[in-house]
2 protein chains.
Amino acid sequence: MLAYRAQPNPDAMLDRALAGVIASGGSLGDSQPRQVEFFSPNAQIYAQGDRATALYQVEYGVVRLFRLLSDGRRQICAFHVAGEVFGFADGQHHLFAEAVCDAAVRVFRGPIREDKSLLTLAMRELVRAQDHLLVIGRQTACERIAAFMVDLYDRLGHEQHFELAMSRTDIADYLGLTIETVSRVFSKFRSKGYIKLHGTRGVDILQIEALRGICA
Amino acid sequence: MLAYRAQPNPDAMLDRALAGVIASGGSLGDSQPRQVEFFSPNAQIYAQGDRATALYQVEYGVVRLFRLLSDGRRQICAFHVAGEVFGFADGQHHLFAEAVCDAAVRVFRGPIREDKSLLTLAMRELVRAQDHLLVIGRQTACERIAAFMVDLYDRLGHEQHFELAMSRTDIADYLGLTIETVSRVFSKFRSKGYIKLHGTRGVDILQIEALRGICA
DNA sequence: CGGCCATTTGAGTGTATTCAAAGTCGGTGG
DNA sequence: CCACCGACTTTGAATACACTCAAATGGCCG
């Protein structure tokens, strides 16, 4: 999981935004504004319905945000890796947040200060969700997997090799597929020489342009 | 389309937010900060790639926001009705915005002022997108249509009768289905007595609780 | 009233799912 | 260090749901 470890954040705006998150009204002595919390795999960070009182930044590891139907069907709305901010919600959380693997999360508690940069971060999250809508609503299984691989490749710094933090079940629930379909497409891409699989989590990207082409 | 006409906005916060959108730096004489623009059916309000320089509030009519794939596949991310605000984007628009029917849109130009209420509006939009992800990613055709009908029913003020501003094609592209499937499910719901159809756009909701039950 | 376009309905197909079984990986304990 | 166990993953076969293609119907506007 080396690829998911925190790296120096290239986005200066993000730091400015988070520096301004804490309202100055509270006593600094009581709250620890930049406390880091640690989570084991599958540990819950917050639940749907919880009051939204903080923002979170992934320090290392991976976090999944998801919704559930009453019969257990799950839709993962987003994975977040080191440096990314999550927890945007109006009043109460509509999503569950869990650690995918061992993860550390920096928690920004207290009332949120008005901040244009914070709005920008929320809007980026919105764009991500809208992009994901297109993938899930209008793309085939192969296109979805290709888009997923390309997205990870880009977000993890264009490393040819990386480890998937998430299981096939997580990937399936992210892409609106079944684990069997995910597995079949992985095998197909392997047989075509686009990727190479090392055990169950390791991935080599052999033909990134081919994968980009599949995304349409 | 009466149901889509502007109504007194029940959400005081929204007005406060928009009142604060315009930065005080600009000359009031030059810019018309609350200009209303009118659009014919299918007229473009902005395009993907356009610089995002304004926010928009629907005065009357319906607006669709969508993304396109190079081969023409379309995913409508949201419909917006009277009173709702759209146009959130970081730098440039990632979506197209078009009028579904005759529509009027109030445009708020100028640099966006930092505003907590604005952040709240953006987060609501995010929640809508995330809810939609679950519908598209994990629900059947019947569940998607039921969710769509219930959503419209709730947003248009619980009127038993309303007119659909959007075509079957629009509905299909919103729900990640084909027009034929949309039509079949409409017919199915009609034969079950959940809804009644008047021509091609008119809808009577006969058993809203049955529809809510289908959404799971 | 006529023509055009959107919608509905029908028949057959295909992609992804379900159900089932085999295989592989990773972790644990001897 | 190796063997075993359990869980996850892969593969296979059959099914189902939604899609494609096609034709008929219906609504709307001139």
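Chain naming here is simple, since letters A, B, ... match the order of the sequence lines and numbering starts at 1 in each. No hydrogens, no waters, no symmetry mates; every other heavy atom, side chains included, goes into these values. This one's a predicted model, so the numbers in the text were calculated from it and none came from an experiment.
Listed by chain and residue number, Glu180(B), Thr181(B) satisfy the side-chain contact (heavy atoms from CB on, under 4.5 Å) test with Thr178(B) (two or more places apart in sequence, or in another chain). Here Leu68(B) pairs with Phe66(B), Arg74(B), Phe96(B) under the side-chain contact (heavy atoms from CB on, under 4.5 Å) rule; sequence neighbours left out. Applying the side-chain contact (heavy atoms from CB on, under 4.5 Å) test to Arg128(B) and every residue at least two apart in sequence or in another chain returns Glu125(B), Asp151(B), Arg155(B).
With Gln207(B) contributing its side chain and Gly193(B) its backbone, the two residues share a donor-acceptor pair below 3.5 Å. Here the side chain of Arg67(A) pairs no donor or acceptor atom with the backbone of Val135(B) at under 3.5 angstrom. Glu98(B) contributes no side-chain N or O that, together with a main-chain N or O of Ile45(B), makes up a donor-acceptor pair within less than 3.5 Å.
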Got a list of protein N/O to nucleotides 19-26 of chain C N/O distances below 3.5 Å?
from	atom 1	to	atom 2	distance (Å)
dC19(C)	N4	Glu180(A)	OE2	3.1

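The CD atom of Gln139(A) sits 12 Å away from the P atom of dA16(C) (whole-angstrom rounding). Put simply, CZ on Arg144(A) is 14 Å from P on dT15(C), counting in whole angstrom units. A straight line from CG of Leu177(B) to C1' of dT15(C) spans 15 Å, rounded to a whole angstrom. As rounded to whole Å, 7 Å separates atom P of dT8(C) from atom CG of Leu197(B). Between Lys188(B) atom NZ and dT9(C) atom P there is a gap of 14 Å when expressed in whole angstrom units.
Residue Ser187(A) is in sugar-phosphate contact alone, with no base atom involved, counting any heavy-atom pair closer than 4.0 Å across all strands shown. When heavy atoms are screened at a 4.0 angstrom cut-off, Arg190(A) is found touching the sugar-phosphate backbone but no base atom. Residue Gly176(B) is classed as a sugar-phosphate contact, given heavy-atom separations below 4.0 Å to backbone atoms only.
Rounded to 10°, the angle separating the first-five-pair axis and the last-five-pair axis of the helix from dC1(C)-dG30(D) to dG30(C)-dC1(D) equals 40°.
A sub-4.0 Å separation between OP1 or OP2 of dA6(C) and a side-chain N or O of Ser167(B) is absent. Of the side-chain N and O atoms in Ser183(B), one or more sit less than 4.0 angstrom from OP1 or OP2 of dT8(C).
Here the CG-CD1 distance, from Leu134(B) to Ile76(A), works out to 12.0 Å after rounding to the nearest 0.5 Å. Between the CD1 atom in Ile208(B) and the CE atom in Met149(B) there is a gap of 8.0 Å [rounded to 0.5 Å].
A nucleotide of DNA chain D counts as in contact with chain A when one of its atoms lies under 4.0 Å from a heavy atom; the first and last such, 5' to 3', are dT9(D) to dA13(D).
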* To do: For Asp204(A) and His198(A), run side-chain hydrogen bond (donor to acceptor under 3.5 Å, both in side chains): C-alpha distance rounded to whole Å, both residues' side-chain angles, the deciding distance at 0.1 Å, then the answer.
  => CA-CA 8 Å; Asp204(A) 277 353; His198(A) 300 270; 2.9 Å; yes
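If Thr169(B) and Cys142(A) are placed on DNA chain C by their nearest nucleotide, the residue sitting closer to the 5' end is Thr169(B).
Salt bridge status for Glu37(B) with Arg109(B): present, with a side-chain N to carboxylate O gap under 4.0 Å. Taking 4.0 Å as the cut-off between side-chain N and carboxylate O, Arg212(B) and Asp154(B) count as a salt-bridged pair.
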